[in-house]
Amino acid sequence: MVDQLWLWILDNDTVVTSFPQRWDKAGKPGDHDPDPNNASDIVESIIRHVARTDRRPLENAFDLAELIASKCIGTMFEHPDIANEKLRFSEFFEISIGNVTHEESKMFDEFTELSESLATGDHRPEDLDKLFNISKETKLIKEIKDIRDELHIISTVLADQERVLVDMDTIIGTIKESYRAIVVD
């Protein structure tokens, strides 16, 4: 995903576009580079796509604009073949949610055991302190809130991008029809 995409279709044969360069790519790749093979590089992705022989042909500037927009939006989410684990964003959330779920289950089991031991009178003095200390639970709730907030942000961005793509598709379709009408006349 890119921060911004500026794209102008000047005529049937010309597209001008600009978007930020990926982080750490202005210099030499380093050990901290999350994508040393450029799997998330938009320009590289477009070049690889255009070089494929099994792709639909790009017949005009509108087809190229659609390709550029789809590559910008899909770069981080449509790469199941990315070998670099640092780029598997959906897995980050899956793992985090799994960890939180596991912790919650563990805490609930501890709570149940402590409650039962207190109810039967079979408890140690520190068990009461453990039962009333909710700092671990509070920390877990904060982590859950952070995950929910991040997922909401991603959802909002994706909804905005979808709306832009739908609008772009409608506009390009209208313009393509206008060009076809001019060529036919």
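Count residues from 1 along the sequence.
Under the 30°/60° scheme for interplanar angles, the aromatic rings of W8 and W6 are found to lie parallel.
Side chains of E66 and L58 form no contact here, defined as non-hydrogen atoms less than 4.5 Å apart. E103 has its side chain out of reach of N99: every pair of non-hydrogen atoms, C-beta onward, lies at least 4.5 Å apart. Two residues are said to be in side-chain contact when any heavy atoms from C-beta on lie closer than 4.5 Å; I144 and E104 fail this criterion. Side-chain contact between T17 and L64 is absent, with no heavy atoms from C-beta onward closer than 4.5 Å. With a 4.5 Å cut-off on side-chain heavy atoms, T120 and E116 do not count as touching. The shortest distance between side-chain heavy atoms of D169 and L165 does not fall below 4.5 Å. For the pair D160/L158, no side-chain contact is recorded, criterion being any heavy-atom separation below 4.5 Å from C-beta on.
A salt bridge links E110 with K136: the distance from a Lys NZ or Arg NE/NH1/NH2 to an Asp or Glu carboxylate oxygen falls below 4.0 Å. Here R124 pairs with D127 in a salt bridge; the nearest charged N to carboxylate O distance falls below 4.0 Å.
Under a hydrophobic clustering in which Ile, Leu, Val, Met, Phe, Trp and Tyr are joined whenever their side-chain heavy atoms come within less than 4.5 Å, directly or via other members, L118 and I134 fall into different clusters. Hydrophobic cluster membership differs between V15 and V164, with clusters built from Ile, Leu, Val, Met, Phe, Trp and Tyr side chains linked at under 4.5 angstrom. Cluster membership check: I147 does not share its hydrophobic cluster with I95, using side-chain heavy-atom separations under 4.5 Å among Ile, Leu, Val, Met, Phe, Trp and Tyr. Grouping the Ile, Leu, Val, Met, Phe, Trp and Tyr side chains by contacts below 4.5 angstrom, directly or via other members, places M107 apart from L131. Under the 4.5 Å side-chain contact rule for hydrophobic residues, L5 and V16 do not share a cluster.
A donor-acceptor contact closer than 3.5 angstrom links the side chains of S135 and N133.
Within a 6.0 Å sphere centred on CG of L151, other residues, nucleotides and ligands contribute more than 12 heavy atoms.
Taking every heavy atom of both residues into account, M168 and A65 meet most closely at CE-O, 3.3 Å. Closest of all the heavy-atom pairs between S117 and L114 is OG-O, 2.9 Å.
Without hydrogens or angle criteria, S105 side chain to H102 main chain gives no donor-acceptor distance under 3.5 Å. Under the 3.5 Å distance criterion, the side-chain polar atoms of T14 are left unmatched by any main-chain donor or acceptor of L10.
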Run D167 and T170 through side-chain hydrogen bond (donor to acceptor under 3.5 Å, both in side chains) and show every step you take.
CA-CA 5 Å; D167 291 348; T170 302; 5.5 Å; no
Residues L128, H123; criterion side chain to side chain contact (heavy atoms under 4.5 Å, CB included); working and verdict:
CA-CA 8 Å; L128 197 55; H123 65 277; 5.6 Å; no
